[in-house]
Amino acid sequence: LIDPVGIVCLLASILPEHGLLVIECPDLSTHSGPITSWTHYKPDEHLTHWCKESLDRLRRQLPGQWTCVHNENPIPGKIQVAWRRTSEAS
């Protein structure tokens, strides 16, 4: 995605209260060393790289109130988060 923050904010704005937004992506925090040596470094697929902290900052930018209901690394190098809308944007 060229503008992942804008797309996630758009999706969040159309989800109803109690709606669930799920994201799975490579977890940059699991790698040390040159990014080009990272297993999940795929410059044609991933234009933006995320970690738990950067995804949490993204959650706080979303319209409305969102609670993290799932946050795990299902396999090495990947992260899954799920956020539930707990109130509408004011």
Side-chain angles (χ1 to χ4, degrees):
L1 300 171
I2 298 295
D3 179 16
V5 173
I7 294 296
V8 171
C9 285
L10 174 66
L11 293 171
S13 73
I14 61 175
L15 281 172
E17 190 167 352
H18 307 295
L20 193 64
L21 182 59
V22 178
I23 297 174
E24 180 176 295
C25 60
D27 182 0
L28 183 59
S29 69
T30 62
H31 178 72
S32 61
I35 194 166
T36 53
S37 68
W38 185 31
T39 303
H40 297 291
Y41 178 68
K42 300 172 185 164
D44 295 334
E45 292 180 36
H46 304 291
L47 303 178
T48 307
H49 297 93
W50 303 90
C51 64
K52 288 181 181 184
E53 292 78 16
S54 59
L55 286 170
D56 194 54
R57 283 192 302 274
L58 172 60
R59 178 185 59 84
R60 292 191 308 263
Q61 292 178 35
L62 298 178
Q65 297 294 315
W66 295 81
T67 301
C68 184
V69 295
H70 178 78
N71 187 335
E72 73 173 34
N73 296 94
I75 62 172
K78 293 283 188 171
I79 185 171
Q80 288 178 343
V81 295
W83 305 321
R84 183 169 307 284
R85 180 187 282 260
T86 54
S87 70
E88 297 293 326
S90 40

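The analysis underlying the following values was restricted to heavy atoms, covering all of them including side chains, and did not include hydrogens, waters or symmetry mates. Quick caveat: nothing in here was measured; it's all calculated off a predicted structure.
- In terms of hydrophobic clustering, with Ile, Leu, Val, Met, Phe, Trp and Tyr side chains grouped at heavy-atom distances under 4.5 Å, L11 and W66 are assigned to a common cluster.
- You'll find the side chain of L58 reaches within 4.5 Å of the side chain of W83, heavy atoms only.
- The CD atom of Q80 sits 10.5 Å away from the NZ atom of K52 when rounded to the nearest 0.5 Å.
- Between C25 and L55, some side-chain heavy-atom pair lies under the 4.5 Å cut-off.
- Looking at every heavy atom in both residues, G64 comes nearest to R85 through CA-NH1, 4.0 Å.
- When every heavy atom of L62 is checked against every heavy atom of A12, the shortest pair comes out as CD2-CB, 3.9 Å.
- A distance of 11.5 Å separates NE2 of H70 from CD1 of I23, quoted to the nearest 0.5 Å.
- V22 forms part of a hydrophobic cluster together with L20, V69, judged by ILVMFWY side-chain heavy-atom separations under 4.5 Å.
- Scanning all heavy atoms of the two residues, the minimum distance from C68 to R59 falls at N-CD, 4.2 Å.
- Between H18 and P16 there is no side-chain heavy-atom pair separated by less than 4.5 Å.
- The nearest pair of heavy atoms linking P4 to T48 is CG-OG1, 3.4 Å.
- The CD atom of E72 sits 12.0 Å away from the CG atom of D27 when rounded to the nearest 0.5 Å.
- With respect to D56 and R60, a salt bridge is recorded, a charged nitrogen being found less than 4.0 Å from a carboxylate O.
- A donor-acceptor pair under 3.5 Å is formed between the side chain of N73 and the backbone N or O of K78.
- L10 and V5 are members of different hydrophobic clusters when ILVMFWY side chains are connected at heavy-atom separations under 4.5 Å.
- The shortest heavy-atom contact between G77 and T30 is CA-OG1, 3.4 Å.
- Contact of the P26 side chain with the I79 side chain is not registered, since no non-hydrogen atoms from C-beta on lie closer than 4.5 Å.
- The number of heavy atoms from other shown groups lying within 6.0 Å of CD1 (I2) does not exceed 12.
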